[in-house]
Undergrad: 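Take this structure first; my questions come after.
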Amino acid sequence: MNAVEMIGITKRFPGIVANDNIHLTVKKGEIHALLGENGAGKSTLMNILFGLYQPDEGEIRIHEKKVTITGPTMANKLGIGMVHQHFMLVQPFTVTENIILGDERTSSGFIDYKKAEQEIQKLSDQYGLKVNPRAKIADISVGMQQRVEILKTLYRGAEIIIFDEPTAVLTPQEIDELMAIMRNLVKEGKTIIFITHKLKEIMSVCDRVTIIRRGKVIDTVNVADTNENQLAALMVGREVSFEVIKEEAKPTRTVLEVKNLVVEDQRGVPVVNGLDLEVRAGEIVGIAGVDGNGQSELIEAITGLMPIKQGKISLNGKNVAHLKADKGTRARRITEAGVGHIPEDRHKRGLVLDFGINENMVLQNYYQSPFSKGWTIQYDEVNKYANRLIEEFDVRTPSHETLARSLSGGNQQKAIIAREIDRNPDLLIAAQPTRGLDVGAIEFIHRRIVEHRDKGKAVLLVSFELDEILKLSDRIAVIYEGKIIGWVDPKTTTEEELGLLMAGRAKKEGQ
Amino acid sequence: VGCSGQKGAEGGGDKAAGFKLGLVTDTGGLNDQSFNQISWEGAKRAQKELGVDIQPLESKRDDDYIPNLTKFAREKRDIIWATGFKFEKVIPEVAEQFPNVHFGIVDSNLGGKIPKNVVAVTFKEHEGSFLAGVAAALTTKTNKIGFIGGISSPLIKKFESGFRAGVKAANPKAQVTVAYAESFNDVTKGRSLAKNMYNSGIDVIYHAAGGVGKGLFDEVKTRDKGKYWAIGVDMDQSGLAPDHTLTSMVKRVDTAIFNITKDLKEKKLETGKEVQLGFKENALDLAKSQHLKPDVMKKIEEYKQKIINGEIKVPKTEAELASFK
Amino acid sequence: MIDILTNILQTTVLYATPLILAAMGGLFSERSGVVNIGLEGLMTIGAFTAAVTTINTGSPWIGVLAAILAGIVLALPHAIASITFKADQVVSGVAINFLALGLSVYLVKYLYNSGQTPTVQKKIEALSIPGLSEIPVLGPSLFKATAFTYIAIAIVIISYIILYKTTFGMRLRAVGEHPHAAETAGVSVIQLRYIAVLISGALAAIGGACLSISIGSEFNQGTVAGQGFIALAALIFGKWKPFGTLGAATFFGFAVALSLMGQLIGLVKYVPSEVLSMAPYILTILALAGFVGRAVSPAALGKPYEKGSR
Amino acid sequence: MSQLNKQSTIVTALISIFLGIVVGAIAMQLAGYNAITAYQALFQGSLFQAFDLGETIRTTTPLILAGLSVAIAFRTGLFNIGVEGQMIIAQLSALIVGIKLNLPPGLHAIVAVLVGGIAGALWAFLPGFLKAVRGVHEVIICIMMNFIALYLSNVLIRNWLTESGADSTPKISPNASLRVDFLSEMFDHSRIHLGIVIALLMAFVMYYLLWRTKLGYELRAVGYNPYAAEYAGMNVKRNIIVSMLISGFFAGLAGAGEVLGTHGYIAIQSAFTGIGFDGIAVALLGANTPIGVIFSALLFGVLTYGSQNMEHMAQVPPELIRVVVAAIIFFVAANISGKLLDVVKTKRRAKES
Ligand SMILES: Nc1ncnc2c1ncn2[C@@H]1O[C@H](COP(=O)(O)OP(=O)(O)OP(=O)(O)O)[C@@H](O)[C@H]1O
Ligand SMILES: Nc1ncnc2c1ncn2[C@@H]1O[C@H](COP(=O)(O)OP(=O)(O)OP(=O)(O)O)[C@@H](O)[C@H]1O
Ligand SMILES: [Mg+2]
Ligand SMILES: [Mg+2]
């Protein structure tokens, strides 16, 4: 029996056909993957299935009955639930409030929180989700938030659950747990549609996979009959190399030295707690760790975006920890001291979305010659520079004046990387540089990072993707509860060893 | 609908011989149930009794005074009235530009420097307020009296000083509590002030506070009849609280406008001068009221005579009040 | 001393009542994510309609009902512009203020050929609650107030319950924080925001009515005179919470009461009355700067909702 | 592309204005007034004679500056609802310079204008400072500061700046006046003054500042995304304060122009002039761009000044004009005309194909 049939679906947006006569059939009880490059049209297709968009053409059948899905409420009634790429959770609300929102049960007019909590607890236990119904969303980890999203669909009695890039934000452990949860769900008779860019995940849990390229279906294949290379080729239309080709590192002098660093968060809790770290010229140091162990704060402290409680940070031998200045100005001094920073949240820190690409390209040095003269900005110079970077880094944009907002995520990221690498910093800090990007874009960015190292510069890489860390790093530091609890060699370590360290189980023998 | 009564004024100046009057209001507007409205009554009387062509212009902002005056001046109106002290600075400017037109300003003497083609009309509000003070002083049972002012400005201080002098003269034991709302339209403040004053034992309140004063009437109406009183200002305000309005200090601006227009029309008026109006000219008075007892009325009449014949010199400012008697 | 306390409390209540009502209106709209800088205008139209209706029907309660209706009608263009047409909400609110003041004075002049309405004869006057109103200090201010005060307090309590205990309230808050989350959970963002903005019109209009048929007894262009903006300030000061807003409005009323009391006990001799009149505003700034500080608005406040965007 | 956009912005603005005027006409006809006569009077009374044209420009002048003030703050993500108070304080300061100092002609005016601007800036400092340092919402502080300005101005005028018995200050020294004979005479003795030159100059300054200078780049970055600005090494707090200072300076110039050009004195005030609040609408209608602000201020100027004549000639209460303005703002904000144009375009396209 087919759970979902989408027949001849076409959806046009101004200037683009996001879905072009798409046929998709999902069998009941299977995990069906959707694979495709950034902007291929996967989210659009699923948003149609969930009733957020109406298709321009085509029809949908659910459990072999023709339906018109007018909105999420309708989708819920049909037993379709969706875990969105960007979480749909109300931050100041509790888990319970988020789950029952839109499907509240009341007694004498008031919401019956108690009953809801009990019900959620029961569901959580049944599927092994370990969610505390009373916790506030703002206080729980990303992985936990995702389980809340899953509970939301279960609470509404969903039979078909769509996961849109659920693993992009998860740690390796969380990914494993999610895979287990998905298998559990299928065992209980649910059907799953799973969007991901990670071929390994497809190979490990999915039954079948449909590949979409530029809005069109390329093929649907049985996972058992294919392999990662074949999938990647189908997806981008050419061979993709997964190996990062890089030579042995030749590290020289120390560029970054962090000693006994303590950083407190807004509540005064030390999140970086006595951390030591050293990065040398000509090497890539990867920081592996589960989200929330102080990675973000470490980077913000090094780059001057967060105050430091205690400790020493030196760049090229010069202490920069206690530069007496306001947040912004301290960040500038550190940038000027030779630090480039690819921030983890490109929309929050990395770009002014309402500036053109040109203005974004000089965000770190607009005030320097030749981009400025006296108190004015030299726009001719800025544009010339932007055009060069656009060309060199293959940023796909109609013009240098196009607003950053209207670029795709991958191209936005390329723009940031262009800006940061082209300044040729002694230390490049790359935080989650490829999050959410397709394999083509990832390949490009990885190459650039290695090139930078090969110029004799230091690179500090923070990523939740173990693959990425293992592939790029010359040395790996594992961070746990604000401390580096161990160093491993990427050439000799295993995912198991890393996983244990990341869970806080320090190695017996010293390295 | 609309103001059909005013039509015909814009006939294109058909009868060159006709005497034409223009009246520019301050920002209070034509029907403000106060000063501007009474002025307009005077103009209407001139229309009825003297056949004068009349036309009003309302000012929305202080900015509008000059354009409005200029508009009338260009129409070559024979007299252009500006109602209110707010015109004090602009009248000389326009008067200089149109030396052949006559202007009249009410409530300001232009600091004494009055151009040839201007007549400045002022009222001795302090004297009228003095009588209001006498009425209050002789009516209070608690010997506590209140005064609510709008914005503390010299003009309103004139009311206050006269009023307090009147109380002092008629009943030295009575205390006057003074408060300024620093507004002319915040009814809530007017009402709060009145409420607080009455609560604290005050039983008669006089106001010179424009719209704020309406709050006084709103409050007094909720209280026992015959025990709590309000005194109105400018025109007879007893309509606002018939059972509680002791009296009102009435300024006959209408009479002033009518008389001066008439004199000008009959070419009996010497311009370039200040015309000060008081009891003698019948331009100020306390409104008739059944609530004023005959013996109080008698006293008031006595004081009035004393002021007219100069026996009492009513203070206009706080400084003068301090040395009063 | 007791007298002074009573007086201060009475003035506080008098001043705070319309502010509370209007600010609670603002609360509904802003909690749903729609900025409402049009409170001033909504109060104005309420004050106007209540006065005119009461004059013509002789019943202040019909006046209040009419005001509610008028507030809803005037809030509608704000809702249409800012929700359906995704206009800038501040712009649309500014337009509401222009519209309300223009229309009401225009109509007053058209109806009465005068800058203000005639005096409202039959008003909503103070209501003594037997027994309770005898309590010293509290009695005369809290239990001898007008129906508007009781309504205002009731609305605060009811709003709290609605906001935090009912489905509607939870959805409203969700829509103001994360409309896309609400939409995907099956809540109609558009519909909820419409309802919230219309409620806002109704409540602000009651606040306006309080000014023209209870505290005062007519409508003119100075009747509201900036109190809508003070209400907006109270809403922000109160951090978009029902009791916070109540507290902020009351604080403001209290500050005014103190400044009035300052005059009556003769402080004017030493301090100019203008300076006393400034006091409430200065006190508010001090309170904000010193103790209250950062106000976190609903996350989606001011952002037009577009399906599918993020 | 951008050319096309600009064109259609102007077209949609014109359509919106037209629709607004139609709404006004309907309101007048319903109430039994003659709309045609009224509008005739409005435009005749504001544009057709040199004097009135001069007065219209005079009315427009502070609206441009107030509009720029609000617009520049909006650009930095701040809502300056305190223009009204900043203008009052600026007026007062410019007046004090105009009365108390004794400087040669020209210089005196320049000093007075600058002092006015600076006073406005200083009055805007507190909301900016509290926003930057304590996170207090600028809207509340601005609203409070407006009232404080009003009372402060009154108490100073009453106790210090008036001769006894007067409700207004003396006139400023002619040396400090912004009125110049040739302009006044060109416009038939209206009160047009050099403030209009200052206003137009400031529109250019705003453009240059925001889109050509480093400071402008920073201000816009902070307005759009303070986190990215911080990342880029900008001092966000300082930029918030600077933005309010500049905004206040523009408001201050509006106030200085009023006292040095239009009035020459200040009276004890019982209420706000409303110019600051109109400035919000002007800025928004002008899409927070300098050119837009100039034109929307002119529209406001014509409607405001012309409405007086409308009442005079057609007995229509001038408040009607506020209804017209509100309607125009709605139509512009909701982009009704843009949507109408779209409908027309698609219909045409459908016919063609
Ligand atoms: N609301 C929209 N309006 C206009 N264009 C849109 C809209 N949503 C998506 N698109 C366009 O449709 C195309 C498909 O987008 P979609 O989000 O479905 O891609 P995707 O496959 O999910 O990409 P990714 O892997 O990056 O998540 C893109 O080119 C995008 O620009
Ligand atoms: N409303 C929209 N209008 C135009 N383009 C859109 C819209 N929403 C999304 N897009 C585009 O759709 C494409 C894919 O969108 P999607 O939501 O999957 O994000 P993405 O590109 O994967 O970025 P990220 O995952 O980093 O948020 C991008 O090109 C994005 O710019
Ligand atoms: Mg997607
Ligand atoms: Mg993506």
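A quick note: this is a predicted structure, and the numbers were derived from the prediction, not measured. Order of the sequence lines sets the chain letters (A, B, ...), proteins ahead of strands, with each chain counted from 1.
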Undergrad: Taking side chain as everything from C-beta outward and backbone as N, CA, C, O, which of these in B/E219 sits under 4.5 Å from a heavy atom of chain C? Side chain, backbone, both or neither.
TA: neither
Undergrad: Test B/V187 against C/T223 for side chain to side chain contact (heavy atoms under 4.5 Å, CB included), laying out the working first.
TA: CA-CA 7 Å; B/V187 182; C/T223 296; 5.9 Å; no
Undergrad: Identify the residue among C/T6, C/I8, C/T11, C/I265 that makes a side chain to side chain contact (heavy atoms under 4.5 Å, CB included) with B/N196.
TA: C/T11
Undergrad: Going from CD on C/E218 to CG on B/L240, what distance comes out if it is rounded to the nearest 0.5 angstrom?
TA: 8.0 Å
Undergrad: Let me confirm one number: the OG-CE distance from B/S192 to C/M261, rounded to the nearest 0.5 Å.
TA: 10.0 Å
Undergrad: Tell me, for B/S152 versus chain C, whether the close heavy atoms (under 4.5 Å) come from the side chain, the backbone, both or neither.
TA: both
Undergrad: Find the distance between NZ (B/K195) and CG (C/N7) and round it off to the nearest 0.5 Å.
TA: 9.5 Å
Undergrad: Which atoms of B/K221 are under 4.5 Å from chain C, going by heavy atoms: the side chain, the backbone, both sets, or neither?
TA: side chain
Undergrad: Atom CE in B/M197, atom CD in C/Q263: separation rounded to 0.5 Å?
TA: 8.0 Å
Undergrad: Does the side chain of C/E125 come under 3.5 Å of the side chain of B/T222 through a donor N or O and an acceptor N or O?
TA: no
Undergrad: Do we see a donor-acceptor contact under 3.5 Å between the side chains of C/Y15 and B/D186?
TA: yes
Undergrad: Which bit of B/T188 comes within less than 4.5 Å of chain C, counting heavy atoms only: side chain, backbone, both or neither?
TA: both
Undergrad: Search all heavy atoms of C/L260 against all heavy atoms of B/K189 and return the closest pair with its distance.
TA: CD2-CG, 3.9 Å
Undergrad: Verify the distance criterion only: is there a donor paired with an acceptor across the side chains of C/Q10 and B/N199 at less than 3.5 Å?
TA: yes
Undergrad: Under a 4.5 Å cutoff for heavy-atom pairs, which residue among C/S217, C/G115, C/P272 has the most contacts with chain B?
TA: C/S217
